[in-house]
Amino acid sequence: MKEVKIETTLQVYDHLNDTPKEVQDLMKQAISAREKAYAPYSKFNVGAALLLENKEIITGSNQENASYPSGLCAERTAIYFAGAKYPEEKIIRMAISASSKIHTTITPIPPCGACRQAISEYENKQNHPIEIYFMGESGKVVRSNSLANLLPLGFDKSYL
Ligand code: THU
């Protein structure tokens, strides 16, 4: 038996204003997408904004459903739209912001496991890292230089 250690390095900014200007701009788009979330059940609004290589910005928000599992997270709403509209464009960066109508959310909110798996598919497809920034409604902002960094032992086509 041998032990395998998996390490991840993330960057943590104290405030959105400390991130590069282009990141602030993308995060602002994620925040305005968040305000358009349809989340009457969880009251937890999430917005995601993607910067594509052609400079287009694609946004998405979580879309809930009375049949709960039929809803979709903001990150997948955005990335599937990008994949459908610009199948050949690389996704350079994703910004994510989440807020609750019930409590203040200052903790950076990472993408859920299912969204990590979905984003990972596009990172593998384009063979180029997708930089991820995530935050709550305010407070610290976390950066990961790639999705792979957030999904150790991800499942990919090599296993099929
Ligand atoms: N949600 C997202 O949009 N992204 C995530 O990564 C985690 C959760 C949404 C799904 C649901 O509408 C609400 O947040 C509560 O789980």
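Just so we're clear, the structure is a prediction, and the values are computed from it rather than from any experiment. Numbering of ligands and ligand atoms starts at 1, following listing order.
For the 3.5 Å distance criterion, the side chains of Gln63 and Ser61 qualify, holding a donor opposite an acceptor. Residues Tyr13 and Gln11 have side chains that never bring a donor and an acceptor to within less than 3.5 angstrom of each other. No side-chain N or O of Asn65 forms a donor-acceptor pair with one of Ser67 less than 3.5 Å apart.
Any N or O atom pair closer than 3.5 Å counts here, and Cys112 shares at least one such pair with ligand 1. When only interatomic distances are considered, the shortest N/O to N/O separation between Pro111 and ligand 1 does not fall below 3.5 Å.
The nearest protein atom to atom 4 (N) of ligand 1, hydrogens excluded, is given as Glu75 OE1, 2.8 Å; this is a heavy-atom distance. For atom 10 (C) of ligand 1, the closest non-hydrogen atom on the protein side is Cys73 SG, 3.9 Å. Nearest protein neighbour of atom 3 (O) of ligand 1, counting heavy atoms only, is Ala74 N, 2.9 Å. Asn62 ND2, 3.5 Å is the protein heavy atom nearest to atom 9 (C) of ligand 1.
Of the possible polar contacts, one joining the Gln24 side chain to the Thr19 backbone as a donor-acceptor pair under 3.5 Å is found.
Lys101 NZ: 12 or fewer foreign heavy atoms inside a 6.0 Å radius. In the displayed structure, Glu121 atom CD is contacted under 6.0 Å by at most 12 heavy atoms of other residues, nucleotides or ligands.
Counting atoms of ligand 1 from 1 in the listed order, those under 4.0 Å from a heavy atom of Ser42 are 13 (C), 15 (C). Proximity to Glu64 (heavy-atom distance under 4.0 Å) selects the following atoms of ligand 1: 11 (C), 12 (O), 13 (C).
For the pair Lys157 and Asn124, the minimum side-chain heavy-atom distance is 4.5 Å or more.
Checking atom 1 (N) of ligand 1 against the protein gives a heavy-atom contact under 4.0 Å.
Residue contacts with ligand 1, taken as heavy atom pairs separated by less than 4.0 Å, do not involve Gln63 at all.
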